[in-house]
Amino acid sequence: MSLLALKRPPARPFLPYGRQVIEDDDIEAVCEVLRGDYLTTGPTVGRFEAALAKTVQAKHAVVCANGTAALYLAASALGLGTGTTVIVPSLTFLATASAPFLNGAEIVFADVDPDSGLMRPQDLEDAIGRVGRADAVFNVHLNGQCGALEDIAQIARANGLKIVDDACHALGTAYIAKNGGASLIGENAFCDMSVFSFHPVKAIAMGEGGAVTVNDPQIAARLMRTRNHGMTREAGEFANRQDGFGADGRANPWYYELVEPGFNWRANDIQCALGLSQLAKLDRFLARRRALAVAYDELLAPYAPRLRPVARERSCLPAWHLYAVQIDFPSVGRTRAAFMRALAEEGIGSQVHYFPVHRQRYYAERYGVANLPGADRYYARALSLPFFASMNEDDVERVVRAVTKILRL
Ligand SMILES: Cc1ncc(COP(=O)(O)O)c(C=O)c1O
């Protein structure tokens, strides 16, 4: 080894803003499926669905290819097609709007709280007022927090809106009701169905994967059919008696019937084996994430208000998906882009969640840009710092040291 190499401090691993935590037993669970008979839909799909439904205390969980497909399936199951209008908070990932839009619905963007990024009841009221009438709202539990769900549900119900919770950030989050009772996100106490994503930066990873949880068995059956081309093999559902059945009255073994055209949005046994193995670790992963959030909160407390964590919702026990802060970039004298580049040079990743969707090119050209000052203000200060379950408190310290050094706080 050269003298130079001896003097150089050991390279520290790059800390991305989020990543999966895969352990040996996760790998073994996947290998077991690979050695078996089913690579597409087999018994592991149903096992994962049962485990997920139990975890979030829903009656049914329908797993599918990813969170975007889950949002699409939810919109489709609620009949949100041509001639319907769906309200979506602007501070979210593209898919929350694009899924109902691709079903044929028109989108109206709602504003959000500038400090938490969550849609408030008055934001929903304002969006309904702007459009006159709407058919559904897709509420978003940004960063893993949920807002005033009872008030949002009350406004939605009074205006005839269905409610889909985009809970892609919020597996394990609980809502604290006004009467003090807690309900899990996904249990659907204040919505019609909930959508989850198991993308690798989420609380648990499936590679790609998503799910809808729902309590109505008929909607669950429709979701299952729609994720599989919209076809049925259930003889009791066949409308075409002539081709579906033989002279003896028995269903023909080859026959399947198209009820409504759909895509192939199934998740397979390989993905579900990983999902099942990861789901068993959810409590441990979430406890770690909570501890990391506390460590960040404590170390960053002296730098408020120029840099502070997103506002905490009192009606929520969050399962943090991101560690999101709000930075007053003009007052610290650095642009966000320069800050992110300087952080990257220190081996620290960061990301912005999100550029408001109402400002995205396609929607801006289609609908014009609504005045949503809360979304704009939240976005202007938003930054997500490294946050994943295999980080430790030393990593948090390293990030905070780099942040405060670069911002000269
Ligand atoms: C809020 C939100 N909705 C929907 C999605 C889409 O999920 P997926 O990436 O699994 O398609 C994501 C994923 O990043 C998300 O963060």
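Just so it is clear, the model here is predicted, and its values are computed rather than measured. In each ligand, atom 1 is the first atom listed, and ligand 1 is the first ligand listed.
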Qualifying residues under salt bridge (Lys or Arg N to Asp or Glu O under 4.0 Å), relative to R284, sequence neighbours excluded: E23
Residues in side chain to side chain donor-acceptor pair (under 3.5 Å) contact with R381, at least two apart in sequence or another chain: D115, Q326
Pairs flagged by salt bridge (Lys or Arg N to Asp or Glu O under 4.0 Å) wherever residues 77-90 is involved - sequence neighbours left out: none
Q278 and D26: side chain donor to acceptor below 3.5 Å: yes
Heavy-atom check, side chain of L409 versus side chain of V332, under 4.5 Å: yes
Do any nitrogen or oxygen atoms of ligand 1 lie under 3.5 Å from a protein nitrogen or oxygen, and which ones?
residue, atom, partner, partner atom, Å
ligand 1, 3 (N), D166, OD1, 3.4
ligand 1, 3 (N), D166, OD2, 2.7
ligand 1, 10 (O), G67, N, 2.7
ligand 1, 10 (O), S197, OG, 2.7
ligand 1, 11 (O), G67, N, 3.3
ligand 1, 11 (O), T68, N, 2.9
ligand 1, 11 (O), T68, OG1, 2.5
ligand 1, 14 (O), K202, NZ, 2.8
ligand 1, 16 (O), H169, NE2, 2.9
ligand 1, 16 (O), Y354, OH, 3.0

Where L286 and A203 come nearest, the two heavy atoms and their spacing: CD2-CB, 4.1 Å
